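Below: one structure, written as structure tokens.
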Amino acid sequence: MDDVDFGGGISGGVRHGVFDFDQAEGLRRMLAGAKPRIVTFLAATAQDEKGAMLVNLGASLARAGIDVLLVDAGSAAHGIAARLGVAGGATLLGVARQQCALDEVIKQVPQGFGVVSMLPSGSCGAEDADEARRLARAFDILVKQTGTVIVDGEFDGDSFPLPVMANAEIVVQVSNSAASITAAYSLIKRLNLALGHRSFGILVINASEREAKVVYDNMKQAASRYLALDLTSMGSVPADEHLQRAARLGRAVVDAFPQAGSSVAFRQLAGLFSLTSVPRSLAGGNHHFGI
């Protein structure tokens, strides 16, 4: 079935009965497995909202003592690297082309984590199969040096820039609007068609806990009924003007406004990540490699 009625976003109300919205269990399921952990984030929301979520989640993880690296895997100029003012310069594609060393691509930001650009702005990626293999090798070496890698991902043309991103845990960010919910479901359908049967995480933003439960419940029911897929709750972050204020200050909300509702939500998410993550440090030195 192509068109699914989600009940106009949150208007359907909370269904009576037991609702499985255990964030801790959801994160354990998403993050259980071999280290390093790679989580690819996709969004059915505005890029600015995705960027704000990634910055604040990364900062919260760093404050919790988790070694975290954000990888901007997009080809456009509005990814996480641009948001943090570290776009340009050395990229992983440059490492693949042996134009720079691996440690040159890691840009530390004041929020407490590292940021890596995979491609130069406007690039279409690797030019041939050999270069794609070198790029994948550079990424593999990079992620083995850190505890948690969060990818600001794209899923254009029904594929990821690197196969490992498809094999990583995948989280879809959605808001409580009907348009965002429909877009998220459509994205999950495309992911399912391209990647086959698997589970996907759902993170709801700009929603109260009650609203997020309804969004997640509606999506979970539709995915189970029409796609035979299981979705996993990654929790929610409420709408909060402090997020925009912190962004204007160039800071994470957990640092600028630690008592804000969104700060509490991000700290909870970071705490749940830390249950199954082991802090590790980026190895130093220049990393050149030949393939």
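This one's a predicted model, so the numbers in the text were calculated from it and none came from an experiment. Quick note: numbers below take in every heavy atom, side chains included, and nothing from hydrogens, waters or symmetry partners.
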Sequence neighbours excluded, which residues qualify as ring-ring contact (aromatic ring centres under 6.0 Å, His included) partners of Phe266?
-> none

Start with the C-alpha distance between Arg134 and Arg97, add both sets of side-chain angles, then the distance that settles side-chain contact (heavy atoms from CB on, under 4.5 Å), and finish with yes or no.
-> CA-CA 8 Å; Arg134 288 175 175 268; Arg97 292 170 176 170; over 6 Å; no

Tightest non-hydrogen contact, residues Ala246 and Phe257, listed as N-CE1, 3.7 Å

Is there a side-chain contact between Phe139 and Ile38 (heavy atoms, below 4.5 Å)?
-> yes

Residue pair Leu231 / Ile188, side-chain heavy-atom distance below 4.5 Å | yes

Mind checking the CG-CZ spacing from Asp48 to Arg83? Nearest 0.5 Å is all I need.
-> 4.5 Å

Counting only N and O atoms by type, is there a donor-acceptor contact under 3.5 Å from the side chain of Ser263 to the main-chain atoms of Gln259?
-> no

Working for side-chain contact (heavy atoms from CB on, under 4.5 Å), residues Asn56 and Gln111 = CA-CA 8 Å; Asn56 286 287; Gln111 289 81 356; over 6 Å; no

Rounded to the nearest 0.5 Å, what's the gap from CE on Met165 to CE on Met118? Could you check?
-> 4.5 Å

side-chain contact (heavy atoms from CB on, under 4.5 Å) between Val237 and Leu269, worked out | CA-CA 9 Å; Val237 177; Leu269 287 175; 4.2 Å; yes

Lys/Arg-Asp/Glu bridge criterion (N-O < 4.0 Å) met for Lys220, Asp230 = yes

With rounding to the nearest 0.5 Å, note down the distance linking CZ in Phe160 to CG in Leu191.
-> 5.5 Å

Does Leu92 share a hydrophobic cluster with Val164, counting links as ILVMFWY side-chain heavy atoms below 4.5 Å and allowing steps through other members?
-> yes

Using atom types as modelled and distance alone, determine if a side-chain donor or acceptor of Asp67 lies under 3.5 Å from a backbone N or O of Thr146.
-> no

Listed by chain and number, what are the salt bridge (charged side-chain N to carboxylate O under 4.0 Å, His left out) partners of Lys50, not counting sequence neighbours?
-> Asp152

What are the two closest non-hydrogen atoms of Gly114 and Ile106, and how far apart are they?
-> CA-CG2, 4.4 Å

Between the side chain of Tyr226 and the main-chain N/O of Lys189, is any donor-acceptor distance below 3.5 Å?
-> no

Is a donor on one side and an acceptor on the other found under 3.5 Å between the side chain of His242 and the backbone of Val253?
-> no

Heavy-atom closest pair, residues Ser262 and Leu243 = OG-CG, 3.7 Å

Taking all atoms of both residues into account, what is the closest heavy-atom pair of Thr232 and Ser199, and its distance?
-> OG1-OG, 3.1 Å

Is there a donor-acceptor pair under 3.5 Å between the side chain of Ser117 and the backbone N or O of Leu119?
-> no

Note: Arg63-Asp255 ion pair, threshold 4.0 Å (strictly below) | yes

State plainly whether one hydrophobic cluster holds both Val264 and Leu203, where clusters connect Ile, Leu, Val, Met, Phe, Trp and Tyr through side-chain heavy atoms under 4.5 angstrom apart.
-> no

Applying side-chain hydrogen bond (donor to acceptor under 3.5 Å, both in side chains), name anything that partners Thr40, two or more places apart in sequence or on another chain.
-> none

Any side-chain heavy atom of Arg267 sitting closer than 4.5 Å to one from Pro258?
-> yes

Check: Ala44 main-chain N/O paired with Ser180 side-chain donor or acceptor under 3.5 Å | yes

Is the CZ atom of Arg198 crowded by more than 12 outside heavy atoms at less than 6.0 Å?
-> yes

After noting the C-alpha distance and the side-chain angles of Lys107 and Leu84, does the key distance pass the side-chain contact (heavy atoms from CB on, under 4.5 Å) rule?
-> CA-CA 10 Å; Lys107 312 291 179 58; Leu84 290 167; over 6 Å; no

Atom pair CD1 (Ile150) and CE (Met53), whose distance is rounded to the nearest 0.5 Å = 7.5 Å

Short side-chain to backbone donor-acceptor contact, Asp217 and Lys213, under 3.5 Å = no

Provide the closest heavy-atom pair for Lys144 versus Arg137 in the form atom of the first, atom of the second, distance.
-> NZ-NH1, 4.5 Å

For residues Val174 and Met219, report the shortest heavy-atom separation together with the two atoms involved.
-> CG1-SD, 4.2 Å

To the nearest 0.5 angstrom, please state how far the CG atom of Asn176 sits from the CG atom of Asn218.
-> 11.5 Å

Value rounded to 0.5 Å, distance of CD in Gln173 from CG in Asn206 = 8.5 Å

